[in-house]
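Below you will find the structure I want to go over with you.
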Amino acid sequence: MTTKLVGAPVARSEDPRLLRGEGRYVDDLGQDAYEVAVVRSPHAHARIERIDLDAALEVDGLISIYIFEDLPQRLQEPLPLLIPHPAISHGRTQYVLANGEVNHVGEAIALVVAEDRYAAEDAVERILVEYEPLPAVVGPELARDAEHAVHDDIPSNVAAHLEQTIGDAPSAIADAPHRLSFRLDIERSASTPMETRGTYARWDADDQRLRLYSSTQAPTSVRAAVAAYLELDLAQVECIAPDIGGGFGVKIMHPWPEEILVPWVAKVLGHDVKFTEDRREHFVSANHERSQVQWIEVGFDDDGRILGLDVEFVHDHGAYIPYGLIVPIITSTQLIGPYKLENYRVTFDSVYTNTTPVTPYRGAGRPQGCFAMERTIDRVAAHLGKDRTEVRAVNFLQPEELPYDFGLMFQDGRAYRYDSGDFPGSLAALKELVDWDGFAQRRAAAQAEGRLLGIGMAAYVEGTGVGPYEGGHVLVEPNGTVQVSTGLSTQGQGHQTSFAQIAADELGVDVADVKVVTGDTRRFPYAVGTFASRAAVMSGNAIHLAARKVREKALRIASEALEVDAQDLELAEGQVRVKGSPDTAIDLNVVATMSNPLRYAFDEAARIATQFAQPGDPDAPPVADDDAPGLEATDYYSPTQSTFANGMHAVEVEVDPDTSDITVQRYAVVHDCGTLLNPTIVKGQVLGGVAQGVGGALYERMAYDEHGQLQNASFMDFLMPYATEVPSVDIDHLETPSPLNPLGIKGAGEAGVIPGSAAIAAAIEDATGITIDAMPITPSQLHDRRLAAASSTS
Amino acid sequence: MKPSAFAYHAPHSLEAALDTLAELGEDGKVLAGGQSLVPLLNMRLAAPAALVDLARIDGLDTVEVTDREVRVDARVTHERLRTHVAATDAIPLLREALDWVAHPVIRNRGTALGSIVHADPAGELPAVLALLGGHVELASAPGRRTATADDYLVGPLESDTRPGELATAVVFPRPEPGTGSAFDELARRHGDYALAGVGVTVTLDDDRKVRRADAAFIGVGATPIQVPLTDALAGQASDALEPDDAIDLARSTIDPEDDIHATARYRRHLAGVLLGRALQTAAARAAAGGTA
């Protein structure tokens, strides 16, 4: 019997290639392509008075320059509002090139095409744009104050207002024995993948076809958008996401202006064209996330049981709202976490500011929600003088209460219903992993040496595997290779390995014989995309279902060939064989050959499938009515709702009493994403998430000044943590299988990042006694807070 | 982030380099390790008409240690100096300061002298040069000169390197016997430019009392800020140092600014904390035998 591969720590098959530098990223392609550079707004808000191209036209190597007025009518329409929602009363999206007005630093104004990027940048430097600067609206509160408007016809700056309720929170709070109200702030950050955005287009004039390579998390949707804007048939357009150097959410946004402009220019010029965004551009022209201001009111009893929670927040979505309300909706629902809230009201305004637009970044609104809820629980515990884990425990939904429907609508328009989980079990595991109960002793020992230690924790529930669907195609070739494809793309998640494990398990083949292709519309044209921790759940299950169909077909063919009942056969070691007597077997590749009735014996192996070698029933057609040639199948997985993973993090920090420098000393993660497909890959996902969580808590911040200028648009000043800043992490995996899908899996991609700010804030608060209500926090800020606290108590 | 067009010269001798620089005048810029210059070029914050690369010059790659000084040629990288046993035995402060410089990949290419020419006010080596009272040797087609740290480090990212000139070596004097030193800083991330940092030297007399003390701060002014601390510390026992006066003096001398990473107030506070710690360390090292 072949060992089961799902659940095994199979080494990532993609790594040797990537580590040897053999990855093929967009910028590795199209070495002869023209390259583009973009004139971008230096102003946060301005009207464009005049664009003077004369000096730029002298540049050696220049091919062409385009501004808004040069575009065909279809390209003069605004980019799509990708996810419409009835609550969006004032939706605005940008143009591919600015139409008379710019609304954030970095907005595209003119496209330069040149023989190489050097010449393109020379031309960009020589294009003169005259602006009439307008007042910039920066920050969610100024936006809501609405002294100035981002868009003239939206004087309130509010794109959408949404309220959701469970029970009657205001009354429950009014009647509660204890009440607290406070404000929380989370600053702006961004995905900042190692590979920036990139698009490369080839127009084939002979075939009248467009091939597009893009560094995207949604190649099928990019294909559809490009076909629509270029007024081509879908059949004329193919989109491929080659190796991608990280996405973390920013590349689910599409179509970017350049994703439309580059293929259009390639078609106009009849020449390959490529755009490779540079890092400085990426900081201002690729989307950000996180920024929110939250006001919280909570009522609770003597045990810390939350009786009512009322949350109002302002979500800063930047200059445009292309991705709809996904981020604030996720915040407003996922805020609830593992707790049983029977009276909850959440309202938010999603507001325009003159800053780079906000669309999902790993976590996608959940870190903000987790921060709100977990800081609330810590406040309740502090108010009552109780252990913070005890207050969490009294509020947990119990395992026997699941599935639990909160009566809210989730980001997919479907029920916010937790399918499974064991929150008390997770807490018990976390407390043991971090030795929560032994901390008092550690703290005392440190204190004796003049050192300040603190511990904190945070819990989250993450809706993963959001619909509507994904598909999988599995094909056994006559040479025995198993070809697997799915439409969504891969940005480093190890899909080549984990999807191969799933197919290999069903087909009883060596995992090395399975080849996985993702994100190539030539291979699989139907897909949604890679986001919301959904690839394993959605494509994993689809591939599982498709492989099961292939397995059934192989059993049927082998059953006829061996004249053995299919129930007595198994697939193992690359064969279909009789259970208990493995000598009676037929190789799977032979089954594949037999599945396709042939006329021509193009090679020796093919002879068995030709008409005289395999006479069959002379009265039946060689391919039955309900059958098709080939050992292959396609299937789709489309769930009725998301599946909910959960986890808890605990952190010990040390604060230097003199410098207020903050060091994470210990980081523990208990994580439950259902059945583990590959523990090594899940561990990698968690560790990467924790690194980004630490970044969001202590280092990363998009520092806009009041004029809407981003002051730290480089990795010198935008402080992504180095390996030296990321702690080692203890991880404990629980496995509560999801009842919603055949594999019992839940998503794991975003989990690691969600509770970082909440847990680290709690630990800093515990170490210093200073209430932490805004993240990220720097030593300088903590120093100021400690000084202020010292002066107010003295 | 592609540079403007520039002419590229890679002379094989110092003389050829100086001739080329003389011809280029204001248009010429020297390229050594490129760890600061190349990003500036790529971001088009600098657009010199011509670069003169030192990479192929025969020579300019010696570290010379004498009884009096450590002399470091223009092509010596941070990492080579950091791991040069004779140099760092002679001046342990060099090793300690270089440990704070960036990351291995940068230290492997960036040159010690290049960071002094670049004159970033948060750079470690300019502060060491100032603290030890060293100087820079400069050559040009017409002749040679030397410049003391005080004269050479003019302002932020500004050193007194004149058109046609090449900084050929930096000379760090060895501290006198009985001297201990320390370098301490705090950066947001390991290897970043410091929020504030300080190098100190403490020289003890035969009774292990402070005879002389000096500090040079980074990241809190336009250039390395030197603060003579002898008056504040003279006569204090090395194992019972009371640095409060020195800290007050330093905090009132330095001139930090606000930026997105820290307030001026925090930097002033931090510089004092670091000074206190560095003085204790340096005094203990001096008591344990020095030198530096």
Side-chain angles (χ1 to χ4, degrees), chain A residues 35 37 59-61 114 116-122 124-126 196 276-282 656-663 694-695 698-705 710-726 776 778-787, chain B residues 1-6 35-36 38-45 47 99-100 102-106 120 122 184-198 219-220 243-244 247 256-278 280:
Chain A
E35 295 202 64
V59 168
D60 282 347
D116 56 46
R117 174 84 183 192
Y118 294 83
E121 289 192 21
D122 288 347
V124 163
E125 217 172 28
R126 287 163 178 76
T196 52
T276 303
E277 182 185 49
D278 72 26
R279 182 58 63 186
R280 194 161 48 166
E281 289 181 286
H282 186 82
D656 185 315
D658 300 319
T659 66
S660 298
D661 192 27
I662 303 156
T663 313
V694 168
L698 298 175
Y699 299 100
E700 296 176 358
R701 164 171 92 95
M702 289 292 175
Y704 277 101
D705 69 12
L710 186 61
Q711 296 170 285
N712 57 344
S714 81
F715 278 139
M716 193 165 139
D717 283 318
F718 178 85
L719 307 178
M720 183 182 282
Y722 302 130
T724 40
E725 279 64 56
V726 178
T778 65
S780 180
Q781 290 166 325
L782 182 59
H783 173 74
D784 283 351
R785 298 288 311 274
R786 293 174 68 210
L787 274 187
Chain B
M1 289 169 73
K2 304 289 185 199
S4 306
F6 54 82
Q35 298 304 290
S36 300
V38 171
L40 291 173
L41 296 176
N42 284 346
M43 290 193 272
R44 300 195 177 202
L45 297 173
D99 281 343
W100 291 107
H103 311 277
V105 286
I106 292 174
D120 192 301
D184 199 3
E185 66 176 54
L186 182 69
R188 290 290 283 115
R189 299 175 300 186
H190 188 89
D192 281 351
Y193 280 122
L195 297 174
V198 64
V220 290
D244 287 356
I247 290 170
E257 289 181 4
D258 287 332
D259 69 12
I260 60 169
H261 302 301
T263 61
R265 179 167 80 157
Y266 176 72
R267 283 193 161 89
R268 196 181 295 280
H269 167 82
L270 175 64
V273 172
L274 295 171
L275 175 63
R277 291 176 182 178
Q280 301 286 4

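Chain A is the first sequence line, chain B the second, and so forth, proteins listed ahead of strands; every chain is numbered from 1. Keep in mind that what you see is a predicted model, and the values were worked out from it rather than measured.
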Query raised in the report: Minimum heavy-atom separation for A:Tyr722 to B:Asp192, with atom names?
Result: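 What the structure gives for the nearest pair is OH-OD1, 2.9 Å.
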
Query raised in the report: When rounded to the nearest 0.5 angstrom, what is the spacing between CE in B:Met43 and CZ in A:Arg279?
Result: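 B:Met43 atom CE to A:Arg279 atom CZ measures 12.5 Å (nearest 0.5 Å).
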
Query raised in the report: What's the spacing between A:His783 NE2 and B:Thr263 OG1 if we round to 0.5 Å?
Result: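 Separation between the atoms: 7.0 Å.
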
Report task. Side chain from CB out, backbone as N, CA, C, O: work out which of these in A:Glu725 comes under 4.5 Å of a heavy atom of chain B, or both, or neither. Result ->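 Interface part for A:Glu725: side chain.
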
Requested in this report: Take B:Arg265 and A:Asp784 through the test salt bridge (charged side-chain N to carboxylate O under 4.0 Å, His left out) and record every step on the way to the result.
Outcome: CA-CA 9 Å; B:Arg265 179 167 80 157; A:Asp784 283 351; 3.0 Å; yes

Report task. Answer yes or no: is there a donor N or O on one side and an acceptor on the other, between the side chain of B:Arg188 and the main chain of A:Leu698, under 3.5 Å? Result ->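 Such a contact is found between B:Arg188 side chain and A:Leu698 backbone.
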
Requested in this report: Under 4.5 Å, counting heavy-atom pairs only, tell me which of B:His103, B:Arg44, B:Arg267 racks up the most with chain A.
Outcome: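 Most heavy-atom pairs under 4.5 Å with chain A: B:Arg44.
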
Query raised in the report: Side chain, backbone, both or neither: which part of B:Leu270 has a heavy atom under 4.5 Å from chain A?
Result: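 Answer is side chain: those atoms of B:Leu270 sit under 4.5 Å from chain A.
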
Query raised in the report: Can you list the residues that meet the side-chain hydrogen bond (donor to acceptor under 3.5 Å, both in side chains) rule with B:Gln280, with sequence neighbours excluded?
Result: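 Not a single residue meets the side-chain hydrogen bond (donor to acceptor under 3.5 Å, both in side chains) criterion with B:Gln280.
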
Query raised in the report: How far apart are the C-alpha atoms of A:Arg701 and B:Ile260, what are their side-chain angles, what is the distance that settles it, and do they pass the side chain to side chain contact (heavy atoms under 4.5 Å, CB included) test?
Result: CA-CA 10 Å; A:Arg701 164 171 92 95; B:Ile260 60 169; 3.7 Å; yes

Query - B:Arg277, part contacting chain A, at a heavy-atom distance under 4.5 Å - result: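 Side chain of B:Arg277 only, per the 4.5 Å heavy-atom cut-off to chain A.
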
Report task. Take atom CG of A:Asp60 as the centre, draw a 6.0 Å sphere, and report whether it contains more than 12 heavy atoms from other residues, nucleotides or ligands. Result ->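 Atom CG in A:Asp60 is not crowded, with 12 or fewer foreign heavy atoms closer than 6.0 Å.
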
**Report entry** B:Lys2 to A:Tyr118 - nearest heavy-atom pair and separation
**Finding:**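 Nearest heavy atoms, B:Lys2 then A:Tyr118: CB-CD2, 3.5 Å.
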
Query raised in the report: Quick one: does B:His269's side chain have a donor or acceptor within less than 3.5 Å of a partner on A:Asp658's backbone?
Result: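 Yes, the answer is positive, given that a donor and an acceptor are paired below the 3.5 Å cut-off.
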
Query raised in the report: Tell me, side chain or backbone of A:Glu125 under 4.5 Å from chain B's heavy atoms, or both, or neither?
Result: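 For A:Glu125, the contact with chain B is made by the side chain alone.
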
Query raised in the report: What residues, two or more places apart in sequence or in another chain, satisfy salt bridge (charged side-chain N to carboxylate O under 4.0 Å, His left out) together with A:Asp717?
Result: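 Salt bridge (charged side-chain N to carboxylate O under 4.0 Å, His left out) check on A:Asp717 returns nothing, list empty.
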
Requested in this report: Determine the option with the most heavy-atom pairs under 4.5 angstrom with chain B, choosing from A:Asp116, A:Thr778, A:Leu787, A:Asp705.
Outcome: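 Of the options given, most contacts go to A:Thr778.
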
Requested in this report: Of all the heavy-atom pairs spanning A:Arg280 and B:Met1, show the shortest one and how long it is.
Outcome: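 What the structure gives for the nearest pair is N-SD, 3.5 Å.
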
Requested in this report: Would you mind checking which part of B:Pro39 comes under 4.5 Å of any heavy atom in chain A, side chain (CB onward), backbone (N, CA, C, O), both or neither?
Outcome: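 No part of it gets close to chain A.
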
**Report entry** Least distance between heavy atoms, A:Phe715 atom then B:Arg189 atom
**Finding:**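 That closest heavy-atom pairing would be O-NH2, 3.0 Å.
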
Requested in this report: Report, as yes or no, whether the 6.0 Å neighbourhood of atom CD on A:Gln711 holds more than 12 heavy atoms from other residues, nucleotides or ligands.
Outcome: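 More than 12 within 6.0 Å, yes.
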
